[in-house]
There are 2 protein chains.
Amino acid sequence: MPGVDCQSGFPCSGRMLTWNHESDGTGTDRSGHGRGDPRAVGGMNQEMASTTMPLDAELIAVVAAVTARMPRVLTLETGNSLPSGPFESAHRSLQAGVRSWVERQTHHPLGHIEQLYTFADRDRLESSGPRRVISVGYLALTLESRRDPEPGVGWWSWYRYFPWEDHRQGPPPVLGPILGALEGWATRASGAPGRRERRRRYRHAFGAGGLAWNEEWVLQRYELLYEAGLIAEAQRRSPGAEPGRDDPPTGEAMVQDHRRILATAITRLRAKIKYRPVVFELLPATFTYLELQQAVEAIAGLRLHKQNFRRLMVQQKLVEPTGAIEVRTGGRPARRYRFRREVLLEQAPGGARLPQARGRI
Amino acid sequence: MPGVDCQSGFPCSGRMLTWNHESDGTGTDRSGHGRGDPRAVGGMNQEMASTTMPLDAELIAVVAAVTARMPRVLTLETGNSLPSGPFESAHRSLQAGVRSWVERQTHHPLGHIEQLYTFADRDRLESSGPRRVISVGYLALTLESRRDPEPGVGWWSWYRYFPWEDHRQGPPPVLGPILGALEGWATRASGAPGRRERRRRYRHAFGAGGLAWNEEWVLQRYELLYEAGLIAEAQRRSPGAEPGRDDPPTGEAMVQDHRRILATAITRLRAKIKYRPVVFELLPATFTYLELQQAVEAIAGLRLHKQNFRRLMVQQKLVEPTGAIEVRTGGRPARRYRFRREVLLEQAPGGARLPQARGRI
DNA sequence: CCCACTTATGCTCACAATGAGCATTAAAGG
DNA sequence: CCTTTAATGCTCATTGTGAGCATAAGTGGG
C-alpha cells in the first residue's frame, strides 16, 4: 500500500486548498459598483427590444510602470483618463488592438499584456449615445519612458487615485478620516442590523478594528467608498449629492469609470505578483535585490522583510548575478542581478506544487 | 526595533511569493492557439479599414456541474456546442445576459457565474460573415438538474472532450498513444534545436519523461495538441490535413472553438478550486466529507489523500455538521455537513495571509 | 456471535516552509 | 579610527503539509 505520494499541490496537500473566501472582484456576479451602486439599478424596465444589437467595442488599457519607488499608470488628459480607443477592423485580435492603439496614442511600446475584464453595463457611459458600447480592459506592464511626452500624456502614481492604498510607511494619514466617514455611513443605515452589516463590511475591507489590512482588496475598498458616496465619480452620477464638507479626500477622480478599471488592474497585479514572476516586466535588465524588492513594495503598498525577500529570490533561482556591482547604495555595494528568463520554461512552478497521484489511497 | 511582523502573505512571507512561471492561458499574450496556430496567421494584410466597426457580441457559457463523480458540462446539439447567444439590448449587463440566455435556452437556473475571457480574433469563426463578432466566455457553476431535458440539451463529462485529463485512476490509457504522437511531432521538426524544443514543451505540459503532471495546464495541453495537428478542430481548418491513421484518439470535437473555451474554463476552475470555496456551488446543501472530496477530485482529475483532506476542512472551518448521519456509505456511517456561508464574510482568507507592516525594518 | 471488509475518524511523526531577528561585511564621510 | 548605511549570512522557533498507522462503526456472511 504505497499511498498517494502527494505532489499534487492538493488536499493531500492542502497547502493549495486554503480557500480564500474573497471575491477577486473580477469574476463574480457584480455588475456595477456593489449593492448600493446607482448604476446597478436603472434599466430593466425600458425598451426590451430583444434582438441582436450591433455595438461598438472599446479597448481600455492600464499601462503600469514603476519609477522612483512609485507605481505609475499612463494617463491622458492630464491624468483624467486611461488610454482607450475603438476596436478596429484592422486589428487581428483584441490584444493586437490594444497594442497598436496605445502605442499610436502614447508612442509607448508595451511589454506584457493581459486581459482584465469586459463589461457592457447599460448605464456605464454618462452620455449614452444611440449605440451600446462593450469595453474590454487590459493591463500592460512596461518601463516608463520619458521620451516625447505628448501633451496631456503622463505617468501618475497610483496612489494619487487611491491614497489610502499605500501602506509602506504604515497606515496612510488619509485612512483615519476615511474610516471616520465610513463609520458615519454605517451609522446612517436604517436599522441596527443594517448598521452592523455596514460596519462589518468596511472594517473588513479596510482592516479596521483590529482586523488585518489585505493589500489585494483594492477594488472592494474602492467600491465600498463608492457605495458610501465618498467617491467623486459617484457624486457626479447622483446630481443631488454634494460632496459633504466633512468628507475626507478620496483621491483624484477620473473620467467615466476609469478609476474603477484602474482599481481592478491594481487588484490583479497585487495578486499576480505573488505567484508569477511579473515584476521583472517592470524592471530594467539588471537590478539589485533592493531595487527588485522596492518594485514589489511599490506595487503591494507594503514594506517587506529584506532578508526573507532575499532568501526567497535565492531559493527560487529566479535571478542570477551579472557580475556587476552597484556602488551607489549608500552602504555596502550590492550585486546586480538579471532575471533568469529560462525559469519561464523550466520545471517546477514554485507555488502550485505539481501533480500526479499514484497507487491506491 | 520591532521589525515587520509580517502577516502580509508576502516576501517576508515568501509563501505567497513563490512565482509560478506558468501562464494561466487566460491572460497572457496569446491570441490564438499558440505559436503554430493557423488562426494566429492570416489577416494583417487585408482591408485595413481603420475605423470604428459595429460588431455583434456573443455570450458563451460553460455551465459546469458534478454528478456521479464526474465533472460535467451543459451542451447543446448533442454535445457539439456550448450554450451561447447574442448579447441583447434588453440585458442590463453581460452577466445578466448570460444568465437570461442560458436559462431561457436550457431551462436551467445558474448559480455562481464568472467571466472567463473575451476574444475577437479575426479568423475565429469558420463562416466569417460580414460582421465581426466579439465573444465573451463565462463559467457558471450549478447543480445538474434532470428535469425537462430539451432535445439536444445534455450534460457530458468533461473527459469526453479531454480524455487525457482524468488522472484519478492513474495516467489514463490514452496518454501513452498521445505521447507517442507528440514524440512523432517533435521528431518531424526541422533542425535539432526545433526538435529539442518541441520535446521539451510536450514533456513539460504532459508530465512526460519523469516530469510531474500539473492538472492545471489543461489549456496548454490542448493548445499543444492543436498545434501538433492532433485535434480534430485543427484539421478542419487546414483542409489538406487528414487525420493520420496512427493518430491517437483525442476526445470529441466541438463546434468552432468551443472546446478551447471549455479548456479555458477547466483550467480556471482547477486553479480556483484551490483558493476559493467554489466547490460548494457544485454540491447539494448537505454532503459528507467524501462527497466533498470526490467533487474536488472530479474537477482536478486527481485522487486526494483522505485524512489530509479532512484535516484541511476541519482547520479551515469551512463546513459544519448538520447533525444528520449518512448510513449508505458502505462502511461506517458518515456525518453530513453544510457549507458555512458565513466564511464568505469572515475575517481570514485562508491562503493569502493578511497584511500590514508596522514600524521600520 | 464472530469475522472479513469497507469507509469514517483520530492522531502521530518527520520534514519543509516561513516569520523574525542577530551578526558580519563593506562602502562612505567626518 | 569611528559612525552610519546597506548588503549578506545564518539561526531558531513555529507552522504547514505529506504519509500513514490505528481505531471506530457500519454491512454481509459463516
Side-chain angles (χ1 to χ4, degrees), chain A residues 1-18 274 287-294 302-316 321 324-337 348 350-361, chain B residues 1-18 274 287-294 302-316 321 324-337 348 350-361:
Chain A
M1 242 205 195
V4 213
D5 188 35
C6 188
Q7 314 166 358
S8 63
F10 241 130
C12 114
S13 118
R15 166 177 203 176
M16 296 318 297
L17 255 185
T18 48
K274 292 179 183 172
F287 43 82
T288 64
Y289 274 137
L290 184 59
E291 286 163 359
L292 176 56
Q293 176 176 346
Q294 285 176 336
L302 293 175
R303 293 301 304 266
L304 308 176
H305 184 285
K306 187 190 267 191
Q307 297 95 318
N308 290 344
F309 183 87
R310 165 181 296 272
R311 173 172 66 185
L312 213 62
M313 294 303 108
V314 172
Q315 282 173 351
Q316 300 197 205
I325 301 284
E326 177 59 59
V327 286
R328 293 162 307 174
T329 61
R332 172 174 168 175
R335 270 174 273 201
R336 297 193 74 83
Y337 296 84
R353 210 62 77 19
L354 301 212
Q356 199 76 333
R358 340 158 189 147
R360 209 110 295 281
I361 307 187
Chain B
M1 239 204 195
V4 215
D5 188 34
C6 188
Q7 315 164 359
S8 64
F10 241 131
C12 109
S13 123
R15 161 172 208 181
M16 295 320 297
L17 253 186
T18 49
K274 293 178 182 171
F287 43 81
T288 64
Y289 273 138
L290 184 59
E291 287 163 358
L292 176 56
Q293 177 176 343
Q294 285 175 338
L302 293 174
R303 295 301 303 268
L304 309 176
H305 185 284
K306 188 189 269 193
Q307 297 94 319
N308 290 344
F309 183 86
R310 165 181 296 273
R311 173 172 65 187
L312 214 61
M313 292 305 107
V314 173
Q315 282 174 352
Q316 298 196 206
I325 300 285
E326 177 59 58
V327 285
R328 295 163 306 176
T329 61
R332 170 174 171 177
R335 268 173 275 200
R336 298 193 72 82
Y337 297 84
R353 213 62 78 20
L354 304 211
Q356 198 75 333
R358 342 159 189 145
R360 210 109 297 279
I361 307 188

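No experiment lies behind these values; they were computed from the predicted model shown. Below, chains carry the letters A, B, ... as their sequence lines are ordered, and counting in each starts from 1.
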Next on the checklist: Between P on dA24(D) and CD on Gln307(B), what's the gap in Å once rounded to a whole number?
Outcome noted: 16 Å

Item to check | Between OH on residue Tyr289(A) and CG on residue Leu292(A), distance to nearest 0.5 Å | outcome: 8.5 Å

Next on the checklist: If I take atom CZ in residue Arg336(A) and atom P in nucleotide dA6(D), what distance separates them, rounded to the nearest angstrom?
Outcome noted: 17 Å

Checklist entry - Can you list the residues that meet the side-chain contact (heavy atoms from CB on, under 4.5 Å) rule with Pro333(A), with sequence neighbours excluded? => result Ile325(A), Val327(A)

Checklist entry - Tell me: CD of Gln316(A) to P of dA17(C), nearest whole Å? => result 10 Å

Next on the checklist: Can you tell me if Arg335(B) touches the phosphate of dT9(C), counting only side-chain N or O atoms and a distance under 4.0 Å to OP1 or OP2?
Outcome noted: yes

Item to check | Side-chain donor/acceptor of Arg328(B) to base of dG26(D), under 3.5 Å | outcome: no

Checklist entry - Can you check whether Lys306(B) has a side-chain N or O nearer than 4.0 Å to OP1 or OP2 of dT9(C)? => result no

Next on the checklist: On the side chain of Arg311(B), is there an atom forming a donor-acceptor pair with the base of dG18(D) - under 3.5 Å, no angle test?
Outcome noted: yes

Checklist entry - Which atom pair, heavy atoms only, marks the closest approach of Gln293(B) to Leu304(B)? => result NE2-O, 3.1 Å

Next on the checklist: Return the CD to CZ distance between Gln316(B) and Arg311(B), rounded to the nearest 0.5 Å.
Outcome noted: 11.5 Å

Checklist outcome for this item: Met313(B) CE to dA8(C) P, in whole Å, measures 15 Å

Checklist entry - Considering only side-chain heavy atoms of Gln315(B), which listed nucleotide, dG21(C), dT7(C), dT17(D), is closest? => result dT17(D)

Checklist entry - Of the nucleotides dT18(C), dT7(C), dT8(D), which one has an atom closest to the side chain of Leu290(B)? => result dT7(C)

Checklist entry - How many Å lie between CG on Leu304(B) and P on dT17(D), as a whole number? => result 14 Å

Checklist entry - Can you check the Tyr289(A) OH to dG9(D) C1' distance for me, whole Å? => result 12 Å

Next on the checklist: Test of understanding: with salt bridge (charged side-chain N to carboxylate O under 4.0 Å, His left out), list the residues that count as partners of Arg336(A), not counting sequence neighbours.
Outcome noted: Glu291(A), Glu326(A)

Please write out each protein N/O paired with an N/O of nucleotides 25-27 of chain C under 3.5 Å, distance rounded to 0.1 Å.
{"from": "dT25(C)", "atom 1": "O4'", "to": "Arg332(A)", "atom 2": "NH1", "distance (Å)": "3.3"}
{"from": "dT25(C)", "atom 1": "O2", "to": "Arg332(A)", "atom 2": "NH1", "distance (Å)": "2.9"}

Checklist entry - Which pair of non-hydrogen atoms, one from Thr288(A) and one from Ala334(A), has the smallest distance, and what is that distance? => result CG2-CB, 3.9 Å

Checklist entry - Going from CZ on Phe309(B) to CD on Gln294(B), what distance comes out if it is rounded to the nearest 0.5 angstrom? => result 10.0 Å

Checklist outcome for this item: When rounded to whole Å, the CG to P distance for the pair Leu302(B) and dG18(D) reads 13 Å

Checklist outcome for this item: Here the distance between atom C1' of dC22(C) and atom CG of Asn308(A), to the nearest Å, is 13 Å

